[in-house]
Amino acid sequence: REIQRETMNILVPFQRNIAAVLFLTILASFGTISAAQELEESQLAKAYFRWSAEGWNATTKSGAPWPSAGELGSLKSSDDDDTIWYYSASVDFLGNKAEAYGGTISFTLGHSEYNSLGLGAQEEYDLILESKVLNLSLGHMHIVPAWVTSSENVVELSEEGGWVDTESGESATRLAILRTLSTLTGMKIRGSFYYGHEYSFIKEVTLSKGVKQDLAWVRNDAHIDEICRALRLNVIACEYYGVHLMKSIQKVNMNKLRADYATQMRKRKEYEGKMDERRRQLEQDLLSEQADSVY
């Protein structure tokens, strides 16, 4: 009996620990399955932040890591000064998301506390899409309203949605948006808005599909820009003829195209050089005639 009691004293805590581990494992699995089941057919990705950050994090404007934590349905972070930082999307929202063209990005963003120091909200991009593959960065300003505790925001992913190139400040074209979405390496939602301390949170981020497009010509193509330059097509013309260009790209000898383009550029420079030389000669002759007329 003494041996049995000692054995039970050992086994009972062990069994309780095993039961607790199994319970937590089943609970976590249920949360994962539930999240997967709630992804509707029209949605490409969604973040709930029920149990964790779900792969999301936070970074400064320059890309440096910024502390954040996800739980109980929101991703949270804070700051004590005018540092600009962003909530950065998980891999579920990245990659080839060309199907999102014409669709939307929706999210709820709010503040549990903030201090503007008597100043207005900081001017910066509220949402940024990046493609490091193609060196593209698109931004959107004035999405999240200032001075509110929480707001539900929906942003259209099209050339009419207010997107601009963050480098040039020019409005983003359909081509730029499609190519960025097809090679998406970063999606950032601003979390800092004020000059003083603030505590912000983000909830339920959803990336939704748009109307189906003929997108084969923008996917994984390294030559579209080169072809458009060789044919001297501007962005609008390149976009308009893009489908036909890509359908015939297999018939194009890229080495010959590069060689012909280089030859054309060389001949053009030679012609411009000759014209410059002729212009200088004419100016010299004119100066000589003027000098002769004076004497």
Side-chain angles (χ1 to χ4, degrees), residues 39 43-49 52-68 70 75 77 83-107 109 124-141 143-144 153-159 161-192 202 204-210 213 215-226 228 235 238-239 242 246:
L39 190 63
Q43 298 171 344
L44 291 169
K46 187 163 186 173
Y48 295 92
F49 309 118
S52 66
E54 298 182 7
W56 284 63
N57 54 41
T59 60
T60 63
K61 184 179 178 180
S62 61
W66 191 261
S68 62
L75 183 64
S77 190
T83 302
I84 297 293
W85 54 268
Y86 289 83
Y87 293 112
S88 187
S90 66
V91 294
D92 294 338
F93 287 77
L94 308 179
N96 184 358
K97 292 295 186 288
E99 287 181 297
Y101 176 79
T104 60
I105 299 173
S106 62
F107 58 92
L109 192 139
E124 192 53 73
Y125 292 110
D126 291 349
L127 183 56
I128 296 176
L129 302 178
E130 295 177 330
S131 171
K132 292 183 179 179
V133 177
L134 300 175
N135 195 29
L136 291 168
S137 177
L138 308 180
H140 199 308
M141 301 181 76
I143 299 171
V144 180
N153 309 279
V154 180
V155 184
E156 183 181 347
L157 291 165
S158 75
E159 62 274 22
W163 294 92
V164 298
D165 186 302
T166 59
E167 295 294 327
S168 66
E170 297 180 355
S171 297
T173 64
R174 177 177 181 270
L175 179 62
I177 295 173
L178 281 169
R179 301 197 69 207
T180 302
L181 290 173
S182 68
T183 54
L184 201 58
T185 58
M187 178 189 295
K188 300 177 181 180
I189 301 174
R190 183 157 68 123
S192 59
I202 190 170
E204 290 197 10
V205 185
T206 305
L207 180 63
S208 299
K209 297 179 183 178
Q213 307 280 325
L215 302 174
W217 62 284
V218 298
R219 293 177 179 168
N220 302 320
D221 173 51
H223 303 302
I224 184 68
D225 292 329
E226 186 177 5
C228 288
V235 174
C238 185
E239 175 184 339
M246 294 313 301

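What you are looking at is a predicted structure, and each value in this text was computed from that prediction instead of being measured.
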Please give me the minimum heavy-atom distance between [X] and [Y], naming the atom from each residue.
X      : Y      : result
Arg179 : Leu134 : NH2-CD2, 3.5 Å
Ala100 : Leu207 : CB-CD1, 3.9 Å
Val155 : His140 : CG1-CD2, 3.7 Å
Ser88  : Lys188 : OG-CG, 4.4 Å
Thr180 : Leu138 : OG1-CD1, 3.6 Å
Ala45  : Asp92  : CB-O, 3.4 Å

Can you tell me if Thr60 and Ser62 form a side-chain donor-acceptor pair at under 3.5 Å?
yes

Heavy atoms of other groups near Glu124 CD, more than 12 under 6.0 Å
yes

Spacing of [X] atom [atom1] and [Y] atom [atom2] [to the nearest 0.5 Å]:
X      : Y      : atom1 : atom2 : answer
Glu204 : Leu75  : CD    : CG    : 13.5 Å
Leu127 : Tyr87  : CG    : OH    : 14.0 Å
Ile202 : Ile189 : CD1   : CD1   : 3.5 Å
Ile177 : Glu156 : CD1   : CD    : 8.5 Å
Glu130 : Thr183 : CD    : OG1   : 11.0 Å
Lys46  : Ser106 : NZ    : OG    : 7.0 Å

Side-chain heavy-atom pair [X], [Y] within 4.5 angstrom cut-off:
X      : Y      : answer
Ser171 : Trp163 : no
Asp126 : Arg190 : yes
Val205 : Phe93  : yes
Leu157 : Tyr101 : no

When you measure from the side chain of [X] to the backbone N and O of [Y], does any donor-acceptor pair fall under 3.5 Å?
X      : Y      : answer
Glu54  : Ser90  : no
Ser192 : Trp85  : yes
Ser168 : Glu170 : yes

Passes side-chain contact (heavy atoms from CB on, under 4.5 Å), Leu129 versus Ile105? Steps please.
CA-CA 11 Å; Leu129 302 178; Ile105 299 173; 4.0 Å; yes

For Glu159 and Thr173: C-alpha separation, side-chain torsions, deciding distance, then whether side-chain contact (heavy atoms from CB on, under 4.5 Å) applies.
CA-CA 5 Å; Glu159 62 274 22; Thr173 64; 5.8 Å; no

Parallel, tilted or perpendicular, as decided by the 30° and 60° cut-offs, for the rings of Trp56 and Phe49:
perpendicular

